[in-house]
Asker: 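For reference, the structure I am asking about is given below.
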Amino acid sequence: MFIHITDSETGNNKGSCGQLVKYLEKENQRSEQEKEFEYWFNHQNKTISPQEVRVNIDHNIAKLSRNDAKFFLINICPSVQEIMHLKEHFGNKGTEEKLKKYASHIMDAYAQNFKRNGIENAKDLMWYGKLEQNRYYHHTDEEVKQGLVKVGETKSGEQMHIQIIVSRKDTTNKIKLSPMNTSRGKNQSHSAKLGQFDRVAFKESGELIFDKMFEFNRSLEDSLHYKLIMKNGNVEQKRTIHLFNQFENKLNDSDRQTIFDTTKDIYRNNTINLGKIINTLEISTGFIDLLFTNNLLENENIEEQSVQNKKKKKKGIK
């Protein structure tokens with residue numbers, strides 16, 4: 001599950017949301033697609049017009065200055081595995097409805113992440129979602145840069161996703177809410193005045209909600225913390241969770257949960273105690289031996305690769 005918060009797909013969220021709303025109407029405007037008109041939705045209504053979205057968001061800006069953000073865009077993009085899981089259980093149309101329901105729960109989590117009095121769930125927010133079936137190539141995509149496809153062409157594969165425009169102000173037009181506020185509660189006075197928002201915790205809640213709602217058996221490799229460590233972690237962290245991923249399918253449910261919790265701890269605390277992890281798991285001695293053998297092999301491979309890289313660099317120096 002990929003959940004991303006940005007200023008705007010069109011690059012400006014300090015004025016009217018009209019340009020963004022128009023952009024997100026692109027699938028309704030494509031004449032070659034003979035399909036039902038896709039309305040906007042929120043926790044109350046499933047048939048909201050684009051005009052209503054624009055007017056309500058643009059008028060919910062009390063006491064915001066000219067340079068203040070007026071709204072934010074939230075992208076909710078399920079993985080191919082997640083979409084296929086939904087389609088297998090609910091069919092194509094049912095998947096669309098389930099994703100919209102899921103989006104409402106995501107906005108509950110969005111509201112709760114601020115930890116502000118009076119902001120408890122999606123009902124306290126002004127937000128509007130739009131389900132889209134396709135994604136399109138942009139000039140920043142490698143395929144476009146290489147001349148393989150043109151800007152605007154439809155991407156292949158399962159691309160169903162949801163875009164949400166959420167107002168900077170709550171539904172009463174009194175409380176400012178910004179997910180770009182990086183405070184995580186460390187500065188109490190600042191958090192009490194402006195709220196706080198932990199974007200990693202918000203994205204994590206997106207996975208937990210999906211897995212619980214749809215009984216999705218998420219693999220470690222498909223989890224947020226695994227991806228964050230593989231992207232930003234050090235060599236030891238990457239090696240450890242790579243081993244976890246290799247042997248995940250050999251573990252019982254309890255041990256799999258331990259592996260998930262440990263991966264989360266590694267990301268948050270940057271510490272690894274492999275011996276303690278092994279003692280916690282209910283696995284055989286043979287499995288432990290295999291784990292450490294592979295760990296040694298991994299070390300040897302990394303050292304060998306490092307030596308090879310150094311040799312290549314030396315050869316390149318003249």
Asker: Would you call E204-K264 a salt bridge at under 4.0 Å N-O?
Answerer: yes
Asker: So, using side-chain contact (heavy atoms from CB on, under 4.5 Å) as the criterion, who are the partners of N42 when residues are at least two apart?
Answerer: Q44, N45, I48, W127, Y128
Asker: Who pairs with T95 by side-chain hydrogen bond (donor to acceptor under 3.5 Å, both in side chains), at least two apart in sequence or on another chain?
Answerer: none
Asker: List in chain and number order the residues that pass salt bridge (charged side-chain N to carboxylate O under 4.0 Å, His left out) with K145, two or more places apart in sequence or in another chain; answer none if no residue qualifies.
Answerer: E142
Asker: What residues form a salt bridge (charged side-chain N to carboxylate O under 4.0 Å, His left out) with K101, not counting sequence neighbours?
Answerer: none
Asker: Mind jotting down which residue pairs meet the salt bridge (charged side-chain N to carboxylate O under 4.0 Å, His left out) criterion with at least one end in residues 57-67? Sequence neighbours excluded, please.
Answerer: none
Asker: Would Y39 and F41 count as a ring-ring contact (aromatic ring centres under 6.0 Å, His included) here? Give the steps.
Answerer: CA-CA 6 Å; Y39 287 96; F41 69 93; over 10 Å; no
Asker: Once salt bridge (charged side-chain N to carboxylate O under 4.0 Å, His left out) is applied, what residue pairs with a partner in residues 80-89 remain, sequence neighbours excluded?
Answerer: E82-R218, K87-E158
Asker: Taking side-chain contact (heavy atoms from CB on, under 4.5 Å) as the definition, give me every residue that meets it alongside K123, ordered by chain and number, with sequence neighbours left out.
Answerer: H43, N121
Asker: Group every Ile, Leu, Val, Met, Phe, Trp and Tyr by side-chain heavy-atom contacts under 4.5 Å, then state whether L208 and F260 land in the same group.
Answerer: no
Asker: Listed by chain and number, what are the salt bridge (charged side-chain N to carboxylate O under 4.0 Å, His left out) partners of K14, not counting sequence neighbours?
Answerer: none
Asker: If you compare all heavy atoms of I162 against all heavy atoms of I164, which two are closest, and at what distance to 0.1 Å?
Answerer: CG2-CG1, 3.8 Å
Asker: Q133 versus E27: any side-chain heavy-atom pair under 4.5 Å?
Answerer: yes
Asker: Taking the six-membered ring for Trp, are H85 and F216 parallel (under 30°), tilted (30 to 60°) or perpendicular (over 60°)?
Answerer: perpendicular
Asker: Looking at residues at least two apart in the chain, or sitting in another chain, which of them share a side-chain hydrogen bond (donor to acceptor under 3.5 Å, both in side chains) with Y110?
Answerer: none
Asker: Please check if the number of heavy atoms outside E215 that lie under 6.0 Å from its CD is greater than 12.
Answerer: no
Asker: Between the side chains of K212 and E207, is the shortest nitrogen-to-carboxylate-oxygen separation below 4.0 Å, so that they form an ion pair?
Answerer: no
Asker: Determine whether the side chains of R239 and N234 contain a donor N or O and an acceptor N or O closer than 3.5 Å.
Answerer: no
Asker: Please name all residues satisfying side-chain hydrogen bond (donor to acceptor under 3.5 Å, both in side chains) with Q257, sequence neighbours left out, ordered by chain then number.
Answerer: D261
Asker: Would you say V53 and L64 are hydrophobically clustered, going by side-chain heavy atoms of ILVMFWY under 4.5 Å?
Answerer: no
Asker: May I ask whether Y23 and V151 are part of the same hydrophobic cluster, defined by side-chain heavy atoms of I, L, V, M, F, W, Y residues being less than 4.5 angstrom apart, directly or through others?
Answerer: no
Asker: Give me the atom names and distance for the closest heavy-atom approach of H59 to N173.
Answerer: O-ND2, 3.6 Å
Asker: So, using side-chain hydrogen bond (donor to acceptor under 3.5 Å, both in side chains) as the criterion, who are the partners of N60 when residues are at least two apart?
Answerer: S167
Asker: State plainly whether one hydrophobic cluster holds both M180 and L177, where clusters connect Ile, Leu, Val, Met, Phe, Trp and Tyr through side-chain heavy atoms under 4.5 angstrom apart.
Answerer: yes
Asker: Measure up the F214 and Y102 rings against each other and bin them: parallel (under 30°), tilted (30 to 60°), perpendicular (over 60°).
Answerer: tilted
Asker: Find out if a path of hydrophobic residues (ILVMFWY) with successive side-chain heavy-atom gaps under 4.5 Å connects F244 to M230.
Answerer: yes
Asker: Can you see which heavy atom on L73 is nearest to which on L20, and at what distance?
Answerer: CD1-CD2, 4.2 Å
Asker: What pairs with K130 under salt bridge (charged side-chain N to carboxylate O under 4.0 Å, His left out), at least two apart in sequence or on another chain?
Answerer: E25
Asker: Using salt bridge (charged side-chain N to carboxylate O under 4.0 Å, His left out) as the criterion, point out the one residue from K150, R135, K155 that pairs with D141.
Answerer: K155
